[in-house]
Amino acid sequence: MPEELSKRYEPATIEQRLYEFWEKGEFFTPLLDPERPKFSIVIPPPNITGRLHIGHALVNTLQDIIVRWKRMSGFNTLWLPGTDHAGIATQMIVDRELAKEGVSRFDLGREKFVERVWEWKESYGHQIIDQLKRLGASADWTRLRFTLDEGLARAVRTAFVKLHDDGLIYRGIAMVNWCPHCRTAISDVEVEYEERVSKLYYIDYPVADSARVLTIATTRPETMLGDTALAVHPDDERYKDVIGREAILPIANRRIPIVADPIFVDREFGTGVVKVTPAHDKNDYEAGKRNDLPQLQVIDEGGRMTEAAGVFAGLDRFEARTKVVAMLRDSGALHDVKDYNHSIGIHGKCETVIEPMISRQWFVKIEPLARPAIDAVRDGTIRILPQSWEATYFNWMENIHDWTISRQLWWGHRIPAFYCANGHVTVATDAPAACPQCGSTEVTQETDVLDTWFSSGLWPFSTMGWPDDTQDLHIFYPTDVLITGFDILFFWVARMIMFGLRFTGKAPFSQVFLNGLVRDEFGQKMSKTKGNVIDPIDVIDEFGADAVRFTLAIFASGRDIPLARSRMQGYAAFANKIWNASRFAMMHIDTTLGSVKAIDRDSMKSIERWILSRLNETTRTVNRALSDYRFDEASNAIYQFFWHEFCDWYIEMVKPVLLGRHGSEADQQRAKRVLLEVLDRSLRLLHPFMPFITEEIWQKLGGVEPSIMVAPYPVVEETLEDAEAERMVRAVQAMITSVRNARAERGFTSKDRFKLYVRGDGRDAAFFDDYAYLLIDLARLTEVIVNAEPPAGAHHDVVEGFDIAIEFPEKVVTKEQQDRTERELEKSRKELESLDAKLLNEQFVRNAPPAIVQGAQARQAELRARIEKLMRNQ
RNA sequence: GCGGGGUUAGCUCAGCGGUAGAGCGUCUGCUUUACACGCAGAGGGUCACUGGUUCGAAUCCGGUACCCCGCACCA
């Protein structure tokens with residue numbers, strides 16, 4: 001006898017207990033058995049600084065659904081979890097902590113500061129892991145990895161040295177994106193562009209020894225202090241005469257050359273004269289190199305003006321802008337100022353305006369890595385879903401630039417390059433005791449660290465022990481699918497593909513599913529300033545983890561997800577429905593799953609065949625949808641089945657037998673058995689989506705397995721399909737609905753009972769006789785009379801091809817009823833009319849598939865009958 | 001400028017060649033012994049516009065309008 005359930009489902013009372021049960025039971029840890037079919041997936045490692053946000057909740061719910069589904073489907077399943085050290089983000093947080101104590105990291109020094117960050121990590125770094133557990137994530141925590149662990153650090157050093165030895169890593173001086181706030185270089189993908197309203201300043205530059213004045217336009221007037229030339233187009237008639245002469249730089253009163261550059265200058269744009277600041281703009285830098293111009297740095301690494309900026313030295317670059325403009329205005333050199341909209345580069349992590357800066361950095365020569373990565377997607381070795389992302393991937397990969405991998409930070413993987421006192425550079429996984437070139441023992445390591453994404457690019461195999469030859473790599477690498485947000489396609493996915501192919505010779509995964517962005521219910525981006533942020537932990541507390549997961553899943557088709565609390569409330573109601581349906585079932589089931597025998601299928605009645613047939617169809621849909629990552633379709637199919645077929649119809653249909661109002665003892669026993677069967681299969685089908693509630697209920701059903709999460713996932717069984725049972729039950733449902741409609745329209749209540757007349761041939765007639773009790777019960781009738789002439793004035797209808805008539809006490813036809821009948825008639829007539837035309841059209845009859853034509857004919861016959869009956873109701 | 005996506009019921013979306021669907025919201029009944037986080041029912045759509053292909057188009061192709069999102073450019 002199963003235990004009883006409480007009247008209302010209270011998620012908070014079971015979630016923690018069940019999660020501990022799973023963890024203790026080691027259900028998340030796969031076997032080290034190379035013979036068994038495996039399924040593996042690695043988590044997109046969340047930053048240790050992070051708190052779980054709704055995007056994490058989504059991506060991890062989707063992974064958990066797939067992982068639980070595969071595990072139940074018999075795969076030796078590994079979901080490998082871990083966290084990312086997140087260089088800049090983490091350093092920023094600890095910096096802020098230090099600031100509160102009134103010290104900076106420079107006061108501490110590098111070593112102490114890094115120690116401090118590790119301490120921070122020990123205290124707070126696991127928070128996000130705990131939150132993932134609240135969500136129900138069935139990741140193998142015994143394999144928890146961190147991108148800065150010793151194992152992964154060795155992988156990083158090995159990868160770096162290999163790339164360097166292959167000539168794919170170089171160190172050099174170049175114009176990079178510089179963040180003056182974080183005081184580090186960042187890569188191209190880390191720069192975000194924002195449309196800003198700003199000003200375009202027109203400045204007059206007098207031509208030396210002449211009365212001519214050249215006007216240039218700039219959005220960044222402070223950089224003029226670093227101008228080392230003006231440039232015009234060589235073929236521009238307006239300026240031919242000034243090429244080779246000099247201009248006087250206002251304020252600084254420096255003479256600068258006027259050069260001609262056909263690549264740099266667009267004659268059509270602005271005045272056709274451009275100032276050249278080689279040290280502070282990418283294009284100017286290139287132009288400077290072409291024209292052999294000096295680079296004059298006027299802004300420093302902290303975004304302040306240098307000594308070279310003269311009187312502005314020491315000022316912040318934006319203060320300097322204001323002052324420069326004022327001074328230009330005073331001197332009359334400011335020609336004009338216009339409003340101007342343009343996008344500017346921002347460092348996404350700290351919102352600081354990027355300053356292009358010339359500096360010495362480490363780079364990855366990317367083209368040789370990108371080519372095979374492009375091929376892998378093109379030839380289908382890796383499939384990206386939704387497929388439209390492939391175009392974006394190709395577009396980016398084909399125009400990719402070398403990757404700036406060095407960061408001027410302290411928290412991260414220190415670059416394994418070593419400098420000796422004589423300036424020789426050695427790149428090696430371990431520090432050399434002496435310089436291999438000159439023998440100097442004064443060896444110091446490069447102070448720069450690597451871009452965080454360098455280490456996460458190795459994630460699928462570094463977490464499994466690479467570069468060693470480990471069992472995990474043998475069994476679980478390559479992984480099967482990567483599930484992540486589209487926003488890190490370039491940052492992470494592309495780099496993993498490149499590194500995976502390079503270092504392991506294999507694509508790190510065969511499929512990539514990119515999920516959309518979680519937005520608010522009106523499609524707006526969630527943001528703290530808008531106040532529309534949904535905190536997953538809050539909603540788990542409020543609605544339960546299962547409801548939150550289900551809500552995320554039912555929206556997840558690869559597009560953006562408009563998330564509303566009302567939806568979560570709706571799926572919390574679904575959880576409650578599952579709970580109560582199970583509670584009802586358990587009041588009657590008196591056996592356990594472990595002790596029952598298989599159902600004798602030959603003895604089953606039509607409604608039993610029907611519900612199992614419907615469940616079988618649902619099973620087919622769910623399995624197929626999950627294999628296509630159509631989480632929305634899969635979850636919706638179960639929802640519809642469980643609530644609207646199992647609860648709304650089947651449970652109501654078995655009540656007469658279950659409660660002993662109808663049928664034999666054997667009928668009741670069989671009904672109980674089928675109820676148990678449907679509940680068991682439904683719970684297993686639902687488990688990947690709603691792990692907690694299904695576990696709690698399923699355990700009470702007394703299964704053989706210790707947990708539903710290791711019970712087999714339902715698969716399609718052809719023998720459960722029963723089209724005939726579906727046809728007849730559909731007819732019964734339609735009759736019941738028709739009676740309910742007519743009753744409501746005529747203003748009767750459910751207490752008023754009537755006689756129902758039904759027509760059917762041989763076998764069907766016998767069926768309606770058998771199920772008269774059901775019609776009586778659910779349609780609240782006094783009697784069902786098969787194949788008799790209904791009295792005059794009865795209400796007629798045709799449903800699913802069967803004639804029915806309801807005998808109402810008297811012909812109380814309301815205006816409402818008449819209108820409705822009229823509308824119904826009108827609709828049917830219209831449809832019939834178009835069908836008639838269709839069937840008279842020879843081309844339709846000749847060209848359309850026979851099944852369609854037959855369907856049209858059947859529908860035509862039914863409509864004719866229906867119209868005839870409806871007319872009798874008028 | 002290049003690329004991707006969208007426009008279907010009041011709202012949010014699914015459907016992507018063969019009779020317009022779901023959830024939420026609205027309205028009307030109902031304390032029917034699992035559930036009022038419930039049950040039964042109702043109303044609500046010329047599927048953005050416009051050509052074409054087809055026996056047949058929300059669905060395929062072309063164009064127009066508007067809206068998102070990448071990337072590039074931005075003196």
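Within every chain, numbering begins at 1; the chains are lettered A, B, ... in the order of the sequence lines, protein sequences first and strands thereafter.
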Syn/anti label of B:rA58 as read from its glycosidic torsion, with the cut at 90° from 0
syn
Lys/Arg-Asp/Glu bridge criterion (N-O < 4.0 Å) met for A:Glu831, A:Arg859:
yes
With the threshold set at 4.0 Å, does a side-chain nitrogen-carboxylate oxygen contact exist between A:Lys655 and A:Glu652?
yes
Pick the nucleotide of RNA chain B nearest each of A:Ser388 and A:Arg740; which residue has the one closer to the 5' end?
A:Ser388
Closest to the 5' end of RNA chain B, once A:Phe555 and A:His644 are matched to their nearest nucleotides, is A:Phe555
How about [X] and [Y]: do any of their side-chain heavy atoms sit closer than 4.5 Å?
X	Y	result
A:Phe584	A:Asn580	no
A:Trp396	A:Val189	yes
A:Val493	A:Tyr393	no
A:Asp546	A:Glu696	no
A:Asp487	A:Leu517	no
A:Asp339	A:Lys199	yes

Within this structure, what is the [atom1]-to-[atom2] distance between [X] and [N], rounded to whole angstrom?
X	N	atom1	atom2	result
A:Lys700	B:rA34	NZ	C1'	15 Å
A:Leu835	B:rG18	CG	P	15 Å
A:Asp777	B:rU33	CG	C1'	13 Å
A:Glu633	B:rG15	CD	C1'	10 Å
A:Ile561	B:rG6	CD1	P	16 Å
A:Phe394	B:rC2	CZ	C1'	16 Å
A:Asn576	B:rC39	CG	P	11 Å
A:Phe584	B:rU33	CZ	P	12 Å

Stepwise side chain to side chain contact (heavy atoms under 4.5 Å, CB included) test for A:Arg866 and A:Asp797
CA-CA 6 Å; A:Arg866 184 137 202 268; A:Asp797 199 357; 2.9 Å; yes
Phosphate contact (B:rG41 OP1 or OP2) by A:Thr737 side-chain N/O below 4.0 Å
yes
Indicate, with a heavy-atom threshold strictly under 4.0 Å, whether [X] touches base, sugar-phosphate, or nothing.
X	result
A:Glu652	base
A:Arg565	nothing
A:Arg780	base
A:Trp649	nothing
A:Arg630	sugar-phosphate

Its contact letters, B for base, S for sugar-phosphate only and - for none at protein heavy atoms under 4.0 Å, make nucleotides 69-75 of chain B read -B-SBBB
For every nucleotide of nucleotides 55-62 of chain B, 5' to 3': is a protein heavy atom under 4.0 Å from its base (B), only from its sugar-phosphate (S), or from neither (-)?
B-------
Please give me every residue in residues 852-862 of chain A whose heavy atoms get under 4.0 Å of an atom in RNA chain B, ordered by residue number.
A:Ile852, A:Arg859
Write down the partner of [N] under the Watson-Crick or G-U wobble criteria, each distance required to be under 3.5 Å.
N	answer
B:rU19	none
B:rU31	none
B:rU64	B:rA48
B:rG43	none
B:rC71	B:rG1

Result of checking A:Tyr9, A:Phe642, A:Phe543, A:Phe550 against A:Tyr571 for ring-ring contact (aromatic ring centres under 6.0 Å, His included)
A:Phe550
Integer angstrom distance from the [atom1] of [N] to that of [M]:
N	M	atom1	value
B:rA9	B:rU33	P	39 Å
B:rG3	B:rU64	P	14 Å
B:rC74	B:rG6	P	31 Å
B:rG62	B:rG5	P	12 Å
B:rG29	B:rA65	C1'	46 Å
B:rG70	B:rU12	C1'	24 Å
B:rG10	B:rG25	C1'	7 Å
B:rA42	B:rC47	P	24 Å

Looking at A:Phe754, I'd like to know if the NZ or CZ of A:Arg743 sits under 6.0 Å from its six-membered ring centre while staying within 45 degrees of the ring's axis.
no
Evaluate the criterion side-chain hydrogen bond (donor to acceptor under 3.5 Å, both in side chains) for residue pair A:Asp836 and A:Gln860; output intermediate values, then yes/no.
CA-CA 7 Å; A:Asp836 285 345; A:Gln860 188 186 37; 2.5 Å; yes
Qualifying residue for side-chain hydrogen bond (donor to acceptor under 3.5 Å, both in side chains) with A:Thr223, from A:Arg321, A:Glu355, A:Lys275:
A:Lys275
Examine distances only and state if a side-chain atom of A:Gln668 and a backbone atom of A:Leu658 form a donor-acceptor pair shorter than 3.5 Å.
yes
Options B:rU31, B:rG38, B:rG3, nucleotide nearest the side-chain atoms of A:Lys751
B:rU31
